[in-house]
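Residue numbers begin at 1 in each chain, while the letters A, B, ... track the order of the sequences.
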Amino acid sequence: MKTNEEIAYIFEIISNILEIIGENPFKSRAYRNAAGTIRDMETDLEDLTAKQKLTEIKGVGKDLADKINEYITTGSLTYYDELKAKVPGEFLDLLSIRGIGTKFLSNMFVSHNIRSLKQLDNLLNSEKALGIRGLGNKKINELKTNIAHYKQNIGRINIGIALPLAELLVSEIKRLSPDSRPTIAGSVRRMKETVRNINLLCIKDGKIDITDGLSKLDIISSVSKKEESFAEFRTEKDIEFTLTYCVDSSYGSTLLYLTGSRKHNDKLNKIAADSGFLLNKNGLFRDGIRIAGSNESHIYRELGADYIQPELREDIEEIELSLSGRLPSTVELSDIRGDLHTHSTWSDGRSSVNQMIMAAIEMGYEYIAITDHSPSSKIANGLDIKRLMQKKKEIEEIDSSTDRIKVLMGAEVDIRKDGSLDYPDDILHELDLVIASVHSNFNMSNEDMTRRIIKALKNPLVHILGHPTGRLVGERRAYEVDMDAVIDTAYDLGKALEINSSYKRLDLKDTHVKKAIKKGVELVISTDAHNTNQLSNIRYGVATARRGFATKKDILNTVDVGKITTWLKELKPK
DNA sequence: GCCGTTTTCGGCCCGACTGTTTTCAGTCG
């Protein structure tokens with residue numbers, strides 16, 4: 001893991017602990033602010049430490065600079081260790097439950113001696129709960145519901161955390177044993193939105209003990225199992241990862257087996273058995289003779305099926321489609337030609353318009369839309385009309401000064417409670433691209449929310465509905481909304497629905513994507529990037545689209561710049 | 001704990017919403 005991310009993570013935990021033990025809230029905020037800045041920085045903290053320039057970072061003074069220095073030179077931070085000893089990690093994790101914040105946890109911790117989810121559960125289910133200031137029947141019930149939702153996701157890791165970690169581990173194995181062909185398997189390979197652990201596969205190296213080599217890495221905290229063909233580790237963030245060793249001749253069959261899903265494998269095994277084969281992780285056999293095994297696609301082929309990409313291996317008709325040669329060729333990362341939802345320092349982004357554009361050029365994009373927030377999003381520093389027009393001027397100047405990329409002037413406009421938009425129509429008319437999104441009043445009835453969103457879609461100046469269900473993966477459930485009605489309306493009006501690539505959103509999710517393309521609705525895959533690094537999150541959106549069977553032609557931003565500008569203009573009334 | 005400066009200490013993102021209250025506190029975006 002990169003040092004910047006490590007330190008940002010540590011500062012965030014410190015910030016939370018300080019609030020819970022009742023320290024000065026502004027001290028806590030200082031750590032949180034520094035964590036945010038450090039996470040988004042492009043310069044390495046190690047460089048800045050060497051040059052003694054840490055205090056030049058905004059939000060880092062002498063004290064925090066010393067702490068960064070200590071961590072970088074010694075690999076640990078005494079202050080952090082001391083604080084962690086005071087508050088159990090399991091208790092801190094409760095912060096991710098909706099409706100629970102630091103004030104509540106602090107009260108539980110300090111005044112009620114609560115230290116775990118179990119103790120909190122017991123308290124909420126006891127008569128004592130109603131006696132606590134701030135807790136009434138409604139609040140208690142809300143907490144119970146949200147805790148139940150939280151319990152379902154305990155131990156699950158977001159794909160956006162798991163995949164980079166898996167990639168890092170693969171590169172470490174490659175470094176230890178260059179010919180071992182390490183690769184990602186399991187639900188990470190299938191790009192499920194959350195996963196329970198990380199599964200890797202490599203070929204056993206006769207000379208080097210890879211398990212031993214990995215156990216010495218900083219990111220590995222322990223080796224829980226070590227066998228001939230298998231090892232299980234825990235990383236420093238307590239994420240479990242397993243490494244399976246195989247031989248060359250069964251590399252494909254083991255990869256197939258480890259990738260899953262179980263349902264996909266079960267069905268495949270049955271199909272094999274029905275045709276007189278035996279399929280297991282050692283290979284595909286007939287009469288005891290190995291027919292295939294070193295390569296996944298050979299196995300599919302021998303079974304009379306086309307190769308099935310990992311994202312589809314969920315037993316969602318992919319096997320049937322493959323057997324009959326009707327498996328769609330899904331959209332690829334390389335098909336994406338531009339990003340239509342990004343933020344800049346004009347609102348709550350961390351990178352300037354120029355930085356975003358340079359990064360988009362580096363990614364090989366033909367176009368990028370800079371779509372900052374509208375005024376209702378106060379906390380996001382949403383643009384009032386005056387600033388919107390200033391930004392428009394800046395965008396137009398930059399756009400006309402470069403022929404390397406088309407820069408579109410857009411906005412992510414709040415859909416207000418009544419379905420009206422956060423800028424008047426004559427202002428929306430000034431923009432190249434309008435995304436309409438819900439950012440407030442999530443607790444409406446299904447009917448009201450559906451009416452609200454459809455009303456916004458019906459505004460002729462809206463091009464795209466942003467993150468259509470408002471969910472946060474593993475954190476916040478989608479708001480109540482009739483997605484079928486939204487999909488129908490979008491289709492009727494020729495509007496696009498967004499697949500938001502932020503791994504915290506993935507919204508639309510895969511099953512909605514499937515529904516939308518069945519109807520024939522235009523989809524866009526966008527990042528909602530708030531800094532240049534996040535532009536690369538596009539791969540999570542692409543994976544979600546692929547899991548929903550989307551092909552290149554279903555995704556609007558796979559078309560070239562000419563077609564995209566035509567689409568934007570034609571949708572807009574003259 | 002940081003920042004900016006009235007260079008020694010006060011202020012620190014802000015408003016809506018909700019469920020508690022009986023005038024407000026906590027959470028969220």
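- A distance of about 28 Å separates the C1' atoms of dC12(B) and dG19(B), rounded to the whole Å.
- In this structure, CZ of Arg32(A) is placed 12 Å from P of dC28(B), rounded to the nearest angstrom.
- A cation-pi arrangement is found for Arg115(A) relative to Phe109(A), the charged atom lying closer than 6.0 Å to the ring centre and inside a 45° cone about the ring normal.
- dG26(B) is paired with dC17(B) under the criterion used here, namely a Watson-Crick or G-U wobble arrangement in which both key atom distances are under 3.5 Å.
- For Asp218(A), the CG atom sits in a loose shell: 12 or fewer heavy atoms of surrounding residues, nucleotides or ligands are nearer than 6.0 Å.
- At the phosphate of dC13(B), OP1 or OP2 sits under 4.0 Å from a side-chain N or O atom of Arg29(A).
- A salt bridge links Asp66(A) with Lys62(A): the distance from a Lys NZ or Arg NE/NH1/NH2 to an Asp or Glu carboxylate oxygen falls below 4.0 Å.
- Separating the CG atom of Asn443(A) from the P atom of dA16(B) is a distance of 17 Å, rounded to the nearest angstrom.
- Within the 4.0 angstrom heavy-atom criterion, only backbone atoms of the sugar-phosphate kind lie near Phe104(A); the bases stay farther away.
- Here the C1' atom of nucleotide dC28(B) and the NE2 atom of His373(A) are 14 Å apart, to the nearest Å.
- If you check the side chains of Asp422(A) and Ser374(A), you find a donor sitting under 3.5 Å from an acceptor.
- Counting to the nearest Å, the P atom of dC28(B) and the OH atom of Tyr479(A) are 18 Å from each other.
- Spacing between dC17(B) and dT21(B) at atom C1', rounded to whole Å, works out to 15 Å.
- Using a 4.0 Å heavy-atom distance criterion, Asn137(A) is classed as a sugar-phosphate-only contact.
- Side chain of Lys417(A), nearest nucleotide from dG1(B), dC17(B), dT20(B): dC17(B).
- Nucleotides dC28(B) and dT20(B) place their P atoms 15 Å apart, quoted to the nearest Å.
- Between Met444(A) atom CE and dC17(B) atom C1' there is a gap of 13 Å when expressed in whole angstrom units.
- The separation of dT27(B) from dC13(B), taken at their C1' atoms, amounts to 15 Å, rounded to a whole angstrom.
- Applying the 3.5 Å distance criterion, the base of dG1(B) shares a donor-acceptor pair with the side chain of Asn24(A).
- For Lys103(A), whose side chain is taken as the heavy atoms from C-beta onward, the closest listed nucleotide among dA25(B), dG1(B), dT27(B) is dT27(B).
- Separating the P atom of dC14(B) from that of dT8(B) is a span of 27 Å, rounded to the nearest Å.
- Remark on DNA chain B: of its neighbouring residues Glu142(A) and Gly99(A), the 5'-side contact belongs to Glu142(A), judged by nearest-heavy-atom nucleotide.
- Ring geometry, His373(A) versus His439(A): the interplanar angle exceeds 60°, so the pair is classed perpendicular (tilted spans 30 to 60°).
- The CZ-P distance, from Arg416(A) to dC17(B), rounds to 13 Å in whole Å.
- Taking atom NZ on Lys27(A) and atom C1' on dG1(B), their separation rounds to 7 Å, with Å as the unit.
- Which of dC12(B), dC17(B), dC28(B) sits closest to the side chain of Arg98(A) comes down to dC28(B).
- Contact annotation for Ile132(A): no contact, since no heavy-atom pair falls under 4.0 Å across all strands.
- One finds no side-chain N or O of Lys139(A) lying less than 4.0 angstrom from the OP1 or OP2 phosphate oxygen of dT20(B).
- Between Leu135(A) and Ser377(A), the one whose closest nucleotide on DNA chain B sits nearer the 5' end is Leu135(A).
- Note on ring orientation: taking the six-membered ring where Trp is involved, the planes of Trp567(A) and His463(A) are tilted (angle from 30° to 60°).
- Counting only distance, with no hydrogens or angles, the side chain of Thr544(A) and the backbone of Lys509(A) share no donor-acceptor pair below 3.5 Å.
- Here the P atom of nucleotide dC13(B) and the CG atom of Leu383(A) are 19 Å apart, to the nearest Å.
- Applying the 4.0 Å criterion to OP1 and OP2 of dC17(B), one finds that Asn441(A) has a side-chain N or O inside that range.
- Atom name C1', nucleotides dG10(B) and dT5(B): the rounded distance is 11 Å, in whole Å.
- Atom C1' of dT18(B) sits at a distance of 28 Å from the matching atom of dG11(B), rounded to the whole Å.
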